[in-house]
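Everything below concerns the one structure shown next.
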Amino acid sequence: MRSTATCLSRRQVLRAASLGVVGVAGCASRGQTDSGTASEATTTEPAEATVTLLSAAEIERDDPPVTFGVSVTDETLRSESPATLTLSLRNTSAETTVPLRGGPIFPFGVLLAESVSSDGRFLLWNERYAETSAVRIENGTVSVAARGRLGELKPGEQVSARYAVRRQEQRGHTGRFRVVDHSGVRPTYAGLTPEIELSIADREA
């Protein structure tokens with residue numbers, strides 16, 4: 001069973017997630033009419049914006065022996081090209097295999113940027129969303145079937161993935177954002193729960 005929505009508050013996302021399915025969309029709380037459609041103010045965008053990482057670039061733990069890293073690999077957001085984040089998870093042990101659970105996009109999942117000052121949020125795009133039936137995109141709305149997967153990190157192994165801030169999801173909204181998973185909470189990877197925060201600021205012409 002799936003459900004979809006054009007815009008969800010944090011409370012609605014958490015409630016939907018408890019049912020195993022959640023719908024999210026590339027929208028935010030400001031600049032909308034009562035009918036839920038974007039007003040002209042949200043469609044007027046500057047040529048460029050800058051995405052900056054505000055939180056720690058790396059965190060680690062000894063048990064299990066893993067290091068999580070995040071970096072802004074392309075800070076410039078344009079209509080024709082996204083800004084990009086790279087997430088990584090590395091097993092720092094030479095002997096121990098670390099179990100992982102994630103999904104439906106293994107191991108980092110479906111991620112959103114959520115405003116710290118409002119209920120606005122938008123999808124962080126990953127190319128693998130289009131490759132799985134667990135993530136469906138229709139008319140700008142994304143529905144996610146809660147589906148987990150078990151895996152592992154072998155000694156010394158590292159996995160990484162890129163997530164994009166695209167104009168079609170970001171829609172010109174700026175400010176400070178935290179990264180959350182599709183259930184609206186901070187993601188956890190091998191016992192690590194990184195606090196990822198971003199700033200999106202328009203560039204002066």
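Residues Arg136 and Ser143 bring no donor and acceptor atom of their side chains to less than 3.5 Å of each other. Side-chain contact, Ser71 with Thr86: no donor N or O sits under 3.5 Å from an acceptor N or O. Under 3.5 Å, the side chains of Ser117 and Ser115 contain a donor-acceptor pair of N or O atoms.
At least one side-chain heavy atom of Pro194 sits less than 4.5 Å from a side-chain heavy atom of Ile59. Using a 4.5 Å heavy-atom cutoff, the side chains of Leu100 and Phe106 are in contact. Using a 4.5 Å cut-off on side-chain heavy atoms (C-beta onward), Val70 and Leu53 make contact. When side chains are defined from C-beta on, Leu123 counts as touching Val110, because their heavy atoms get closer than 4.5 Å.
Partners of Arg78 under the salt bridge (Lys or Arg N to Asp or Glu O under 4.0 Å) rule, at least two apart in sequence or in another chain, are Glu48. Scanning for side chain to side chain donor-acceptor pair (under 3.5 Å) contacts around Arg166 gives Glu169, with sequence neighbours left out.
A salt bridge links Glu197 with Arg176: the closest approach of a Lys/Arg side-chain nitrogen to an acidic carboxylate oxygen falls below 4.0 angstrom. For the pair Glu75 and Arg203, the salt-bridge criterion is met [side-chain N within less than 4.0 Å of a carboxylate O].
Distance alone, capped at 3.5 Å, places no donor-acceptor pair between the Thr67 side chain and the Arg90 backbone.
For Glu95, the CD atom is loosely surrounded, since the number of other residues' heavy atoms within 6.0 Å does not exceed 12.
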Dump the intermediate steps for side chain to side chain donor-acceptor pair (under 3.5 Å) on Ser93 and Asn91, then the final yes or no. CA-CA 6 Å; Ser93 172; Asn91 183 344; 4.5 Å; no

Trace of the side chain to side chain donor-acceptor pair (under 3.5 Å) decision for Thr193 with Thr188: CA-CA 4 Å; Thr193 305; Thr188 297; 2.8 Å; yes

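Ring geometry for Tyr163 versus Phe108: interplanar angle over 60°, hence perpendicular rather than tilted (30 to 60°).
For the pairing with Val72, the side-chain contact (heavy atoms from CB on, under 4.5 Å) check across Thr50, Val165, Thr84, Leu85 returns one residue only, Leu85.
A distance of 9.5 Å separates CZ in Arg178 from CZ in Arg121, rounded to the nearest 0.5 Å.
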